[in-house]
Amino acid sequence: MTQNISNTPLNSQVIRPSFDRSTLKTRIVHIGFGAFHRAHQGLYTSEMIEKTGSDWGICEINLFGGELISKLRQQDHLYSVLEKSSDSVTAKISASVIESRHSVLDGKQAVLDKMTEPQVAIVSMTITEKGYCADLNTGRLDYNNALIIADLAEPEQPQSAIGYIVEALKIRKAKGIKPFTVMSCDNIQDNSRVAKQVILDYANKLDTELGTWIEQNVSFPCTMVDRIVPAITEDSLAQLTENLGVADPVGIVCESFRQWVIEDDFVNGRPEWDAVGATFVEDVRPFEDMKLRMLNGSHSFLAYLGYLAGYRYIYETMQDQAFRNAAFKLMTEEQAVTLSMPEGTDLTEYANLLIERFSNASIKHETWQIATDGSQKLPQRMCESLRFHLQHGTPTPCLILGVAGWMVYVSEQDEQGNKIIVNDPMLEQFRSAYKNAQTSEEIVLSLLGLNNIFGQDLIQNADFVNALVEVVEQLKTIGAKALVAKTL
């Protein structure tokens with residue numbers, strides 16, 4: 001038998017849950033067993049069960065890439081989390097996952113059968129922005145998405161997460177089974193509202209009666225999730241193995257900080273996640289906007305410009321005083337002022353906390369990783385703030401620099417002439433923009449013309465366009481490091 005965390009003695013300092021997993025029921029089905037979910041919702045749920053004695057177990061569903069699910073099954077659905085602060089390391093075992101399904105390994109029907117079991121009360125998601133098959137600028141379903149085209153043609157053989165959810169709700173409706181709550185845990189503005197809109201758009205395309213039933217009976221609580229979880233590397237996996245005493249191919253390494261704010265709107269019950277630090281609120285939007293603009297917006301700023309400047313990791317950008325100051329300025333002067341927060345929220349304190357977290361050298365969060373899928377992230381991380389400032393006539397040097405950094409990054413060539421591997425669903429459109437443009441002005445106008453990212457309004461503001469053209473030109477001539485220093 002292969003040694004793993006389910007059958008091998010672990011180091012004595014590893015924190016292991018003591019609850020009886022046989023008492024758990026699959027009451028949560030989660031789509032998207034990725035690193036963030038393992039470090040966040042999965043671990044929260046395990047610690048909640050340990051503290052409260054509840055029976056809220058999780059079934060993990062992956063629709064693509066079956067290798068991870070196979071590895072998870074080999075160790076009885078247990079996995080490890082290594083939490084790292086600047087001066088301490090804590091290894092934990094998460095035991096909230098009790099089963100799994102995969103659309104290829106087990107078949108689509110097995111996935112639908114699990115989602116339609118009566119005790120399943122929540123279907124949650126971490127499927128990244130792409131998984132919603134939405135035009136994130138409008139929040140509506142993208143009917144030109146290949147997965148959606150296929151699902152509408154054969155709704156009983158879904159491929160997308162949206163198709164699976166609607167088909168499962170259709171079956172539950174037909175059988176008289178109470179619906180589940182749909183909860184997004186992705187870094188998308190109004191995440192579950194986006195999910196609701198694309199689900200209703202899809203359902204109504206199939207059957208307006210089904211769409212009406214979903215709208216009247218299913219709840220879609222938004223969440224704000226926060227934890228820095230870098231992609232696993234050989235070095236971090238080795239450190240995880242050292243702290244556990246055995247290798248865990250499903251384990252992840254993350255920062256010690258975590259946050260979860262959840263709208264308290266569940267149609268079929270919910271776990272007591274607040275017992276282990278989550279916060280239930282009536283409206284999550286202010287907290288969501290705070291994170292998307294201040295944390296995620298500055299992360300994207302550091303990712304594009306940091307990569308162009310030759311920095312591999314975020315913590316390295318923080319060792320450059322110009323980047324550190326620019327990130328703080330972006331947060332406090334250009335992002336915080338766009339927010340409407342509950343009384344008593346200290347946004348300067350939050351900005352200082354973010355700088356401290358970004359500076360954590362034990363978390364090797366690659367700029368390239370954060371730069372992934374920028375077309376899906378810019379609308380909520382930067383574009384909404386730009387609109388605020390353009391409306392109020394206030395300056396936005398850091399936001400403009402951030403957008404310009406993205407525009408140069410998607411050229412697929414860095415300052416030394418090396419190829420950048422741009423991972424983005426709109427890559428072909430970027431290539432087309434660069435192929436048909438020669439000057440900085442032509443490049444800016446071509447990329448700003450991508451309405452899915454920038455809408456139709458930003459390109460109409462001549463002052464903004466001119467400023468962006470100038471910054472793009474400077475990035476190409478003096479480089480990111482010099483321009484970040486110059487912008488302060």
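Just so it is clear, the structure is predicted and the values come from calculations on it, not from any experiment. If you read the sequence from its start, that first residue is 1, and numbering goes on from there.
Although no hydrogens or angles enter the test, the distance criterion places no donor-acceptor pair under 3.5 Å between the side chain of Ser124 and the main chain of Met183. Remark: the backbone N or O of Thr372 is paired with a side-chain donor or acceptor of Lys377 at under 3.5 angstrom. Counting only distance, with no hydrogens or angles, the side chain of Gln75 and the backbone of Leu78 share a donor-acceptor pair below 3.5 Å. Of the possible polar contacts, one joining the Thr126 side chain to the Gly32 backbone as a donor-acceptor pair under 3.5 Å is found. For Tyr307 (side chain) and Asp414 (main-chain N/O), no donor-acceptor pair under 3.5 Å exists by modelled atom type. The main-chain N or O of Gln159 is found under 3.5 Å from a side-chain atom of Asp151 such that the two form a donor-acceptor pair. The main-chain N or O of Gln3 is never found under 3.5 Å from a side-chain atom of Asn7 such that the two would form a donor-acceptor pair. In this structure, the side chain of Gln380 engages the main chain of Gln376 through a donor-acceptor pair within 3.5 Å. In this structure a side-chain-to-backbone donor-acceptor pair under 3.5 Å is missing from Tyr409 to Leu305.
Annotation: side chain of His102 is not in contact with side chain of Ile61 (no heavy-atom distance under 4.5 Å). Residues His365 and Ile370 are in side-chain contact: their nearest non-hydrogen atoms beyond the backbone lie under 4.5 Å apart. Contact of the Leu105 side chain with the Arg73 side chain is registered, since non-hydrogen atoms from C-beta on lie closer than 4.5 Å. Ile162 has its side chain out of reach of Tyr164: every pair of non-hydrogen atoms, C-beta onward, lies at least 4.5 Å apart. Contact annotation: the side chain of Pro230 never approaches that of Val253 to less than 4.5 Å [non-hydrogen atoms, C-beta and beyond]. The closest side-chain heavy-atom distance from Lys364 to Ser236 is not below 4.5 Å. Inter-residue side-chain proximity for Met331 and Tyr350 is flagged as unmet; no heavy-atom pair is nearer than 4.5 Å. Residues Cys185 and Trp260 are in side-chain contact: their nearest non-hydrogen atoms beyond the backbone lie under 4.5 Å apart.
Ionic pairing of Arg140 and Asp201 is present here: one or more N-O contacts between side-chain nitrogen and carboxylate oxygen are shorter than 4.0 angstrom. Ion pair Glu255/Lys84 not flagged as a salt bridge, since none of the NZ, NE, NH1 or NH2 atoms sits closer than 4.0 Å to an Asp/Glu carboxylate oxygen. With respect to Lys114 and Asp106, no salt bridge is recorded, no charged nitrogen being found less than 4.0 Å from a carboxylate O. With salt bridges taken as basic N to acidic carboxylate O contacts below 4.0 Å, one links Arg258 and Glu47. Ion pairing of Glu263 with Arg193 is present here, as a side-chain N (NZ or NE/NH1/NH2) and a carboxylate O approach within less than 4.0 Å. Between Arg21 and Asp76 a salt bridge is recorded (basic side-chain N to carboxylate O distance below 4.0 Å). We find that Glu83 and Lys92 are joined by a salt bridge, their nearest charged nitrogen and carboxylate oxygen being less than 4.0 Å apart. For the pair Arg312 and Glu366, the salt-bridge criterion is met [side-chain N within less than 4.0 Å of a carboxylate O].
Atom CG of Leu354 and atom CG of Leu295 lie 4.5 Å apart (nearest 0.5 Å). To the nearest 0.5 Å, the span separating CG on Leu386 from CG on Leu399 amounts to 4.5 Å. Of the inter-residue distances, the one linking Arg381 atom CZ with Ile188 atom CD1 reads 10.0 Å to the nearest 0.5 angstrom. Note that CG of Leu330 is 11.5 Å distant from OG1 of Thr487, once rounded to the nearest 0.5 Å. Considering CD1 of Ile31 and NE2 of His37, their distance stands at 11.0 Å, rounded to 0.5 Å. The CG atom of Leu244 sits 6.0 Å away from atom CG of Leu10, with the distance rounded to the nearest 0.5 Å.
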Criterion side-chain contact (heavy atoms from CB on, under 4.5 Å) on Phe257 and Ile228, from CA distance to verdict: CA-CA 8 Å; Phe257 177 90; Ile228 295 174; over 6 Å; no

Verdict with supporting geometry, Arg357 and Asp226, salt bridge (Lys or Arg N to Asp or Glu O under 4.0 Å): CA-CA 12 Å; Arg357 291 169 63 193; Asp226 190 4; 2.9 Å; yes

Salt bridge (Lys or Arg N to Asp or Glu O under 4.0 Å) between Lys71 and Asp248, worked out: CA-CA 9 Å; Lys71 291 177 178 178; Asp248 176 11; over 6 Å; no

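Side-chain atoms of Thr223 and Asn191 include a donor-acceptor pair closer than 3.5 Å. Side chains of Asn325 and Gln321: a donor-acceptor N/O pair is present below 3.5 angstrom, by distance only. For the residue pair Asn296 / Lys291, a side-chain donor-acceptor distance below 3.5 Å is found, with atom types taken as modelled. For Glu334 and Ser385, the side-chain atoms include no donor-acceptor pair closer than 3.5 Å. In summary, the side chains of Thr116 and Arg172 do not present any donor paired with an acceptor at a separation below 3.5 Å, with no hydrogens or angles considered. For the residue pair Gln41 and His30, a side-chain donor N or O sits within less than 3.5 Å of a side-chain acceptor on the partner. No side-chain donor from either of Asn268 and Thr181 sits under 3.5 Å from a side-chain acceptor of the other. If you check the side chains of Tyr311 and Thr317, you find no donor sitting under 3.5 Å from an acceptor. In this structure, a donor-acceptor pair under 3.5 Å is absent between the side chains of Ser86 and Asn360. In the model, Ser184 has a side-chain atom that pairs as donor or acceptor with a side-chain atom of Tyr132 under 3.5 Å. Checking Arg293 against Ser298 by side-chain atom types alone, no donor-acceptor pair falls below 3.5 Å. Ser6 and Asn4 share a side-chain donor-acceptor pair at under 3.5 Å.
Listed here is the closest heavy atom pair of Thr26 and Cys59: CG2-CB, 3.4 Å. Taking all atoms of both residues into account, the shortest heavy-atom contact from Leu308 to Ala480 is CB-CB, 3.9 Å. Between Thr241 and Ala247, the shortest heavy-atom contact is OG1-CA, 3.6 Å. In this structure, Ile58 and Gly42 approach most closely via the heavy-atom pair CD1-CA, 4.3 Å. Scanning both residues, Ile127 and Ala161, for their nearest heavy atoms gives CD1-CB, 3.9 Å. Taking each heavy atom of Phe287 and Val261 in turn, the nearest pair found is CD1-CG1, 4.1 Å.
The aromatic rings of His40 and Phe36 sit parallel, their planes meeting at an angle under 30°, below the 60° perpendicular limit.
Sparse packing is recorded around CD of Glu356, with 12 or fewer heavy atoms of other residues, nucleotides or ligands lying under 6.0 Å away. Heavy-atom contacts from other residues, nucleotides or ligands closer than 6.0 Å to CD of Glu156 number 12 or fewer. Applying the 6.0 Å contact sphere to NZ of Lys419 captures more than 12 heavy atoms from other residues, nucleotides or ligands. For Glu67, the CD atom is loosely surrounded, since the number of other residues' heavy atoms within 6.0 Å does not exceed 12.
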Side-chain donor/acceptor pairs under 3.5 Å, residues 274-285, sequence neighbours excluded:
unit_1	atom_1	unit_2	atom_2	d
Asp283	OD1	Arg285	N	3.0
Arg285	NE	Asp190	OD1	3.4

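Two rings, from Phe323 and Phe301, have their centers 6.0 Å or more apart. Side-chain rings of Tyr315 and Phe358 stay apart, their centers remaining 6.0 Å or farther from each other.
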